[in-house]
Number of protein chains: 2
Amino acid sequence: MRHSAQRDTILRIVKDAHDHPTADTIYSRVREEIPNISLGTVYRNLKSLSDMGEVDTMETLDKSIHYDGNTVTHRHFICRECSHIIDLFFECKIPEEFHSLGLLVESQKTIYYGLCPDCQRQKAQ
Amino acid sequence: MRHSAQRDTILRIVKDAHDHPTADTIYSRVREEIPNISLGTVYRNLKSLSDMGEVDTMETLDKSIHYDGNTVTHRHFICRECSHIIDLFFECKIPEEFHSLGLLVESQKTIYYGLCPDCQRQKAQ
DNA sequence: CTCCCAAGTAGTAATAGTTACTGTTATTAT
DNA sequence: ATAATAACAGTAACTATTACTACTTGGGAG
């Protein structure tokens, strides 16, 4: 894989982001540094960065992919009201049962859905 | 909500399916019974059935939504080689930590990725 | 039972997110 | 420095899904 300024910038911006941005959001942030970058370049590099394990992806109820620069295993909570995404660094053990089923687990993605504290308060009023 | 033959059929077919079909797959199955049903009708009803909690959805690495007629809380394993989806009925406890964070969890979706027994064998050869 | 009308439908157009293509640019091995 | 080719910008194409519109149908009121 050849070096490219575009991919460097994309990776840095995803690593710096803590809001699980979509490709389009990443595109507009990268454009502040590289104004004429192509959206296709952003998608292509996000895909290769994801394949290389440099970034993680989240598939949510909205139809766009969210990217996560934090590749440490963790889970997510999404508020059904405000769509805010919260990172959860609880322990993520692979249950014993996988062995007996002969399943080799390489990664896992968990999303919890519900209400965040702020939205619970608003609902209560 | 008014009764409709189309929705009844769609729900029955999703409940009978055990392969987590996409809207398009469901469409072709429903067409065997209602040949002139519209794809839009399938999408619209899958959405309302999902809103009503009659079916569950799965957002996977491929970009289409998979539907699950089994609404008992469970998790999924997807093989990265053959894309086979396996249902897992292990216990799905909500960790204690959510309370201290003030997060109200209403549902959860977990997908494990890895290799199924068959694909592990093929890789070993 | 019949009539009415809103909810539902078929068919089609539109949209959004993503990927593919094409000619040009830039990285890196020689 | 030069050649080979990976990566790029710009644009077209694709796929899954949603929206729209005129027509149909379920089911309650009379």
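Residue numbers start from 1 in every chain, and the chains themselves are labelled A, B, ... in the order their sequence lines are given, proteins ahead of strands. Since the model is a prediction, treat every value here as computed from it, not as a measurement.
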Using atom types as modelled and distance alone, determine if a side-chain donor or acceptor of [X] lies under 3.5 Å from a backbone N or O of [Y].
| X | Y | value |
| --- | --- | --- |
| K15(A) | E54(A) | yes |
| H74(A) | V72(A) | yes |
| Q108(A) | I94(A) | no |
| H66(A) | H20(A) | yes |
| R7(A) | R2(A) | yes |
| H99(B) | E97(B) | no |

[X] [atom1] to [N] [atom2]: how many Å, rounded?
| X | N | atom1 | atom2 | value |
| --- | --- | --- | --- | --- |
| N36(B) | dT12(C) | CG | P | 12 Å |
| D51(B) | dT17(D) | CG | C1' | 14 Å |
| E33(A) | dC8(D) | CD | P | 15 Å |
| I26(B) | dT17(D) | CD1 | P | 10 Å |
| Q6(A) | dT24(C) | CD | P | 18 Å |
| D62(A) | dA16(D) | CG | C1' | 14 Å |
| L46(B) | dT17(D) | CG | C1' | 11 Å |
| R7(A) | dT27(C) | CZ | C1' | 11 Å |

Any salt bridge between E91(B) and R75(B), counting N to O under 4.0 Å?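 No salt bridge links E91(B) with R75(B).
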
Less than 6.0 angstrom from the centroid, inside 45 degrees of the normal: does R31(A) satisfy that with respect to the ring of Y27(A)?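 Yes, R31(A) sits over the ring of Y27(A).
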
Are F90(A) and F98(B) close enough that their ring centers fall under 6.0 Å? yes

Once salt bridge (Lys or Arg N to Asp or Glu O under 4.0 Å) is applied, what residue pairs with a partner in residues 102-125 of chain B remain, sequence neighbours excluded? R80(A)-E106(B), E59(B)-K109(B), E81(B)-K123(B), D118(B)-R121(B)

Protein N or O to nucleotides 1-3 of chain D N or O, pairs below 3.5 Å:
none

If Ile, Leu, Val, Met, Phe, Trp and Tyr residues are connected whenever their side-chain heavy atoms lie under 4.5 Å apart, and connections chain through other members, are V30(A) and V55(A) in the same group?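 In one cluster: yes.
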
Common cluster, L49(A)/V14(A), ILVMFWY with side-chain heavy-atom separation under 4.5 Å: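 Yes, L49(A) connects to V14(A) through the hydrophobic network.
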
For nucleotides 14-21 of chain C, 5' to 3', base contacts (B), sugar-phosphate-only contacts (S) and non-contacts (-) with protein non-hydrogen atoms under 4.0 Å give ---SBB--

Sequence-aligned protein contact record of nucleotides 25-30 of chain D, with B where the base is within under 4.0 Å of a protein heavy atom and S where only the sugar-phosphate is: BBS---

By side-chain hydrogen bond (donor to acceptor under 3.5 Å, both in side chains) - contacts of T9(A) (at least two apart):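 side-chain hydrogen bond (donor to acceptor under 3.5 Å, both in side chains) check on T9(A) returns nothing, list empty.
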
Bend angle of the helix from dC1(C)-dG30(D) to dT30(C)-dA1(D) from five-pair axes at both ends, rounded to 10°?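 Rounded value for the end-axis angle: 40°.
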
